[in-house]
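Structure, as structure tokens:
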Amino acid sequence: MSSTGDHSKASGQTNSILGNIQETLGNLVGSNDTAKDGAKRHAEGEGEYKAAQTEGWVEGVGDRVSGKKDAVVGAVTGDKTQQTSGNAQHEKGQAQQKLNE
């Protein structure tokens, strides 16, 4: 269940953590530039994480809608394979959304 865009939760978390460390070290040694750069990196990392989270949630919506449609069409036409496949895709979408709440 990966995001479809250029954003990554892992990269966002890494930059957020490294930014916090850089900011703290800058504050400890009295380097305002280092502290500011760390705060900026932290904020960028948080932004990337949230963007990846949103992309994953939206992907889940798409799977839920598409899966529900296939399940209904399968039920109406008597196509059990399509119905089962649609239900599985719908459940995958629900899981994707929960993962990205």
Side-chain angles (χ1 to χ4, degrees):
M1 292 183 208
S2 63
S3 297
T4 59
D6 293 335
H7 302 100
S8 161
K9 283 183 176 180
S11 175
Q13 284 181 322
T14 299
N15 282 317
S16 176
I17 291 166
L18 291 175
N20 274 338
I21 292 168
Q22 184 179 0
E23 182 178 12
T24 300
L25 289 175
N27 287 331
L28 285 173
V29 298
S31 173
N32 289 335
D33 288 341
T34 300
K36 263 200 274 190
D37 289 345
K40 180 181 175 195
R41 185 173 186 181
H42 168 74
E44 289 170 352
E46 289 293 306
E48 181 175 7
Y49 181 88
K50 295 240 182 257
Q53 190 176 31
T54 300
E55 289 167 358
W57 192 86
V58 169
E59 184 180 319
V61 169
D63 280 342
R64 287 183 72 184
V65 169
S66 181
K68 184 58 98 174
K69 175 200 60 92
D70 286 347
V72 169
V73 169
V76 169
T77 62
D79 185 342
K80 295 291 185 192
T81 302
Q82 184 178 14
Q83 184 178 2
T84 301
S85 173
N87 285 332
Q89 186 175 6
H90 183 265
E91 289 173 13
K92 176 187 169 212
Q94 284 178 316
Q96 181 84 4
Q97 284 185 293
K98 280 195 181 291
L99 183 65
N100 290 290
E101 288 181 334

Could you tell me whether the side chain of [X] and the main chain of [Y] form a donor-acceptor pair under 3.5 Å?
X     : Y      : result
Thr84 : Lys80  : yes
Gln53 : Glu101 : yes
Thr14 : Ala10  : yes

Hydrophobic cluster identity match, Val29 and Leu18, side-chain contacts under 4.5 Å | no
Is there a path from Val58 to Val65 through hydrophobic residues (I, L, V, M, F, W, Y) whose side chains come within less than 4.5 Å of each other? yes
So which heavy atom on [X] is nearest to which on [Y], and how close?
X     : Y     : result
Gln96 : Gly56 : CG-O, 3.0 Å
Ser16 : His42 : OG-ND1, 2.9 Å
Gln82 : Thr77 : OE1-OG1, 4.3 Å

Residues at least two apart in sequence or cross-chain that pass salt bridge (charged side-chain N to carboxylate O under 4.0 Å, His left out) with Asp63, listed by chain then number, are Lys92
Applying side-chain hydrogen bond (donor to acceptor under 3.5 Å, both in side chains) to Ser11 and not counting sequence neighbours gives Glu48
Close side-chain approach of Thr54 to His7, heavy-atom, < 4.5 Å: no
Student check: side-chain heavy atoms of Val72 and Lys68 closer than 4.5 Å:
yes
How many angstroms lie between atom [atom1] of [X] and atom [atom2] of [Y], to the nearest 0.5 angstrom?
X      : Y     : atom1 : atom2 : result
Gln22  : Asn15 : CD    : CG    : 10.0 Å
Arg64  : Glu91 : CZ    : CD    : 10.5 Å
Leu99  : Gln97 : CG    : CD    : 11.0 Å
Asp79  : Asp70 : CG    : CG    : 9.5 Å
Asn100 : Lys50 : CG    : NZ    : 11.5 Å
Arg41  : Thr34 : CZ    : OG1   : 12.5 Å

